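Step one of this worksheet: look at the structure below.
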Amino acid sequence: MSRFSYSAKDADGTTKKGTMVAENDREFSTKMRDKGLMLTGHKESTSEENKNTYKFKTKELAFNCRQLSAMLTSGLTLVKALDILSKEQENEKAKKIWLDIYEQVQKGESFSKALEMQGDAFPIFMKAMVNAGESSGSLDVIMKRMEQHYDKENKLSNTIKGAMIYPIILLCLSVVVVIVIFTFIMPIFEPLFEGTDNLNPIAKFLMAFSDFLKARWYVVIIVAAALVGGIKYASTLPDVRYKMDMYKITMPKVGPLMVKIYTARFARALSSLYSSGIPMVECLERSSAILNNLYVTEKFKQVVDEVKQGETLSSAIIRTEIFESMFCSIIYVGEEAGALDDILAKSAAYYEEESDSAVQRLVGLIEPIMIIFLGCTIGLILAGIYPAIYDSLSGLENS
């Protein structure tokens, strides 16, 4: 889709200016003629001009879908609902986006195309659902489903954030303790070791590291920043990201827990899309993309190809070896019973409960790692300092 800015004249000779979404110049010209407008000038926006820097958070999407669903169900027109919604926005950038959508719909554009015009502000999943709702004439029902979907996503996100608070505090505490020990406590013992030639290797290393940290602390910050930047850059490379995403679901202990979280999100998305009347092939493409895992997305290309060739969904998914066999069996039962959307919704509810437990178990794996790290650091310091202090005190007694 391209966005065109235009100036034109109507049958009365009045000049009109605006924007319109079309696949190409030909479709744009046809739409203008259908509206009875004669072009006097137009310009196609570039991808950079079209790109929206603001992205709606899951919480905002849930709120907006809830408001639209309530207004559409109560009988308000879409244009009026969008007008009210744009005025309810507290964030100025969000307000500007919804106002632009309202203006486009008021000019005759479809809601789905108006969302497309906002670039990456809205997720692909929402655009596909709105498009399906407009096609089936059940936009109010679709908005209700999206409200439930984003409520679940927001709940899972909050669960993860809440569970990560303690490990993050513990990590920060560990870093602070190490810095305090090596910059304030270790220098106190340094005079005791002056003139001592038989320091053990651990003590020598600790004193050298303490001196380095005091004199060249900025090097540590630069190395840490470079390491974080390097990891972020590497994660943007397709080959590296593919391997990282693959390791997320195959690594011991953590992998099975990540699969449960992915299963809940996939089942909910597939259920919402499929029950909205979207073709299964498109449902699979959208549902796998929502997981934001390149390895899963690549695997599902094979699933899509097999489904196109007439293979059952359950058989195609089993061969990916991503999801649990129980989930594949649930899909098989749904296909046989002709109630795939209903059984997917029920399995999504089950796996959402499982994903909450999975998040807690993931955090449970992180906490002992932090405690062990802190304990090993303090133990290393004691192993190096105590023998050195004992040797220096013995030397004083002998002298």
Side-chain angles (χ1 to χ4, degrees), residues 157-237 239-248 250-255 257-258 359-399:
S157 177
N158 288 339
T159 301
I160 294 172
K161 288 177 183 177
M164 287 300 294
I165 290 175
Y166 178 67
I168 289 172
I169 292 174
L170 195 58
L171 176 62
C172 293
L173 179 64
S174 301
V175 172
V176 169
V177 167
V178 170
I179 292 173
V180 169
I181 287 174
F182 282 100
T183 56
F184 294 102
I185 297 177
M186 288 294 293
I188 295 174
F189 294 100
E190 194 169 356
L192 295 174
F193 305 144
E194 290 180 358
T196 305
D197 298 327
N198 59 341
L199 281 177
N200 62 70
I202 297 177
K204 288 181 179 178
F205 167 76
L206 294 175
M207 296 308 300
F209 183 71
S210 176
D211 293 338
F212 175 80
L213 198 60
K214 286 187 297 178
R216 301 180 184 277
W217 54 269
Y218 55 87
V219 175
V220 177
I221 295 176
I222 293 172
V223 170
L227 187 62
V228 172
I231 293 172
K232 284 187 175 180
Y233 173 73
S235 64
T236 62
L237 302 175
D239 291 342
V240 176
R241 188 186 166 193
Y242 180 87
K243 291 179 180 177
M244 289 172 65
D245 287 347
M246 178 179 69
Y247 194 59
K248 282 181 186 177
T250 57
M251 63 190 300
K253 300 290 185 182
V254 175
L257 301 179
M258 290 298 298
V359 169
Q360 297 298 331
R361 288 198 290 272
L362 276 173
V363 174
L365 292 174
I366 296 172
E367 290 175 7
I369 292 174
M370 295 293 100
I371 295 172
I372 290 169
F373 168 75
L374 187 59
C376 288
T377 302
I378 295 173
L380 184 68
I381 292 169
L382 294 177
I385 297 299
Y386 272 11
I389 293 175
Y390 179 78
D391 290 343
S392 68
L393 291 176
S394 298
L396 289 173
E397 288 178 359
N398 292 333
S399 63

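Side-chain atoms are counted along with the backbone in the values below, which use heavy atoms only and exclude waters and symmetry mates. Note that this is a predicted model, so its numbers are computed, not measured.
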Spatial distance of atom OH (Tyr242) from atom CG (Leu237) [nearest 0.5 Å]: 16.0 Å

Check: Val228 and Lys232 side chains under 4.5 Å, non-hydrogen atoms: yes

Interatomic distance, Phe209 atom CZ to Thr183 atom OG1 [nearest 0.5 angstrom]: 10.0 Å

Inter-residue atom distance Asp245.CG - Lys248.NZ, 0.5 Å rounding: 4.5 Å

Check: Phe182 main-chain N/O paired with Ser210 side-chain donor or acceptor under 3.5 Å: yes

Interatomic distance, Lys161 atom NZ to Ile168 atom CD1 [nearest 0.5 angstrom]: 10.5 Å

Check: Val219 and Phe212 side chains under 4.5 Å, non-hydrogen atoms: yes

